[in-house]
There are 2 protein chains.
Amino acid sequence: MLRSGVQTGYSIKRAVDRSTRFFWATSFAQVYPELAQLERQGYVAGRDEPRGARPRKTYRLTEKGRRALDGWLRSPRVPGFEFRDEGLLRLFFADALPPDDAVDLVRRLREHATEASRSFREDILPLAESAPQHGYRFPLVAARWGSDYYTWRAGWLAQLQTELEASLPRRGSGRRQTD
Amino acid sequence: MLRSGVQTGYSIKRAVDRSTRFFWATSFAQVYPELAQLERQGYVAGRDEPRGARPRKTYRLTEKGRRALDGWLRSPRVPGFEFRDEGLLRLFFADALPPDDAVDLVRRLREHATEASRSFREDILPLAESAPQHGYRFPLVAARWGSDYYTWRAGWLAQLQTELEASLPRRGSGRRQTD
DNA sequence: GGAAGCATGTAAAGTGTTACATGATTTT
DNA sequence: AAAATCATGTAACACTTTACATGCTTCC
């Protein structure tokens, strides 16, 4: 973030909220101590630049920081599966619910994916579309990924919901048919 | 896991490695203390059942634990975006690399997705296919999701790679990948 | 004058990873 | 006899979240 001109802890957090939040979020309580530590370790250099009476500390990448960023992006190691999805975890355990309620769980997950997909198309993508004009093309690529992903996910869950509903006995009617 | 007949800390960890690992992993150092805490809080009940001279402690869900599991599965709250993906994060910042190396990053991410997709089809799905015979259908659903997801992801990244390669000026020294 | 936004942090608690440490039983 | 698997845990560290705490500046 520093590399692309974002300078203060506050604005790093804001930039994350507008961009990477969907695959990597953060908080003020993480950003400020981390900047302090990166400064101690020489990856960034800070400077006090108050705005009037309001304190403000700007940071820039040092050469060491630039090399570390570069090394991270080039690193062949792609983390195994550093990836958590509580929705999928619930789905995995859905046998603990009566069939009707399991379908309900799938419906909630689908609604959530649909909403995320909408949010990407309407909120995130338009924001990201200004980035290429400033020489940054990959933020838009990542936003497109998010939009496409949640659209795909909503479709997958809709298909599952249909399958599950077809295999359920009608509510209120008698015996269940074989599936 | 306890609910479906898995009894010891060791086998919970093993079950996670064979199933939910792709959207929620764990470790022994997390499982054992957590079981102890859940027992103190009354969600599970433990019992010493050594096998010969080898110590062994089995656990079962209490009624309170069963209710908590049920409550979690029914909870309308689906966590905003509890979801992290270091690969996507790298992609977002790929403007920090020369174009050729950015394409390389995309290629590595694609290879990783392809490998994960293969691993799902060949390792995880066959394992999950035995679950329905024991009355558990959703583990297979989750495994199908994983398989479909990584296949989708590999395709998306392949498409991106193609686009990026088309937009690159051709390099005389040509380290072009054919795959 | 009030609301929204800019700006910085600490404290406490909760969560998760890696390394260390041990030993029995079963399979090859 | 060795390797794999079963089995349990601790210690140290790293990471993350939520709540707390403060105050300035700009816009309406």
Side-chain angles (χ1 to χ4, degrees), chain A residues 1-2 5-18 20-41 43-60 68 72 77-86 89 127, chain B residues 1-2 5-18 20-41 43-60 68 72 77-86 89 127:
Chain A
M1 291 298 182
L2 293 179
V6 174
Q7 298 192 89
T8 67
Y10 184 83
S11 56
I12 288 173
K13 164 67 161 64
R14 286 293 129 125
V16 167
D17 285 347
R18 287 193 315 268
T20 69
R21 156 169 72 108
F22 296 96
F23 38 86
W24 208 286
T26 193
S27 64
F28 289 126
Q30 211 182 347
V31 167
Y32 288 117
E34 187 65 22
L35 280 171
Q37 204 194 318
L38 288 171
E39 187 176 23
R40 279 197 304 278
Q41 296 169 342
Y43 294 103
V44 304
R47 188 180 1 172
D48 281 313
E49 288 189 36
R51 285 287 193 264
R54 186 202 286 163
R56 179 165 169 275
K57 189 166 184 184
T58 59
Y59 292 89
R60 57 177 182 78
W72 175 63
R77 172 202 140 258
V78 178
F81 288 93
E82 189 173 322
F83 174 79
R84 307 201 136 191
D85 188 324
E86 193 184 321
L89 194 66
L127 261 171
Chain B
M1 292 299 183
L2 293 179
V6 175
Q7 297 192 91
T8 68
Y10 184 82
S11 56
I12 288 173
K13 163 66 160 64
R14 286 293 129 127
V16 166
D17 285 347
R18 288 193 315 269
T20 69
R21 156 170 73 110
F22 297 95
F23 38 88
W24 208 285
T26 193
S27 64
F28 289 127
Q30 210 182 349
V31 166
Y32 288 116
E34 187 65 24
L35 281 171
Q37 204 193 318
L38 287 172
E39 187 176 23
R40 279 197 303 280
Q41 295 170 344
Y43 294 103
V44 304
R47 192 186 349 181
D48 281 314
E49 288 189 36
R51 285 285 192 266
R54 188 202 284 163
R56 180 165 169 274
K57 189 167 183 183
T58 59
Y59 292 88
R60 55 176 183 76
W72 175 63
R77 171 204 139 258
V78 179
F81 288 93
E82 189 172 321
F83 173 80
R84 306 202 138 189
D85 188 324
E86 193 184 321
L89 194 66
L127 262 172

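These numbers come from a predicted model, not from an experiment. Naming: A, B, ... by sequence-line order, numbering from 1 per chain.
- Following rounding to the nearest Å, B/Leu38 (CG) and C/dG14 (P) show an atom-to-atom distance of 14 Å.
- Considering only heavy atoms from C-beta on, B/Met1 stays 4.5 Å or farther from B/Tyr59 through its side chain.
- Look at CD on B/Glu49: it is 17 Å from P on D/dC6, rounded to the nearest Å.
- Taking the six-membered ring for Trp, A/Tyr10 and A/Phe28 have ring centres closer than 6.0 Å.
- Rounded to whole angstrom, the span from the CG atom of B/Asp48 across to the C1' atom of D/dT8 amounts to 11 Å.
- Axis deviation across the helix from C/dG1-D/dC28 to C/dT28-D/dA1 amounts to 40°, comparing end segments of five pairs, rounded to 10 degrees.
- A sub-4.0 Å separation between OP1 or OP2 of C/dT17 and a side-chain N or O of B/Gln30 is present.
- Shortest non-hydrogen contact noted between B/Gly9 and B/Leu35 is CA-CD1, 3.6 Å.
- In terms of the side-chain hydrogen bond (donor to acceptor under 3.5 Å, both in side chains) criterion, B/Ser27 has no residue partners (sequence neighbours excluded).
- Counting only heavy atoms from C-beta outward, the side chains of A/Val44 and A/Arg60 never approach each other to under 4.5 Å.
- Under the 4.0 Å criterion applied to side-chain N and carboxylate O atoms, A/Lys57 and A/Glu39 are assigned as salt-bridge partners.
- Put simply, NZ on B/Lys13 is 13 Å from P on D/dT8, counting in whole angstrom units.
- Separating the CD atom of B/Gln37 from the C1' atom of C/dA13 is a distance of 12 Å, rounded to the nearest angstrom.
- To the nearest 0.5 Å, atoms OG1 (A/Thr26) and CG (A/Asp17) are separated by 9.0 Å.
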Nucleotide-resolved protein contact map, nucleotides 6-11 of chain C, B/S/- at heavy-atom distance under 4.0 Å: BBBBBB

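- Residue A/Trp24 contributes atom CH2, which lies 10 Å from atom P of D/dT17 at whole-angstrom precision.
- Taking 4.5 Å as the limit, every side-chain heavy atom of B/Ile12 sits out of range of all side-chain heavy atoms of B/Gln7.
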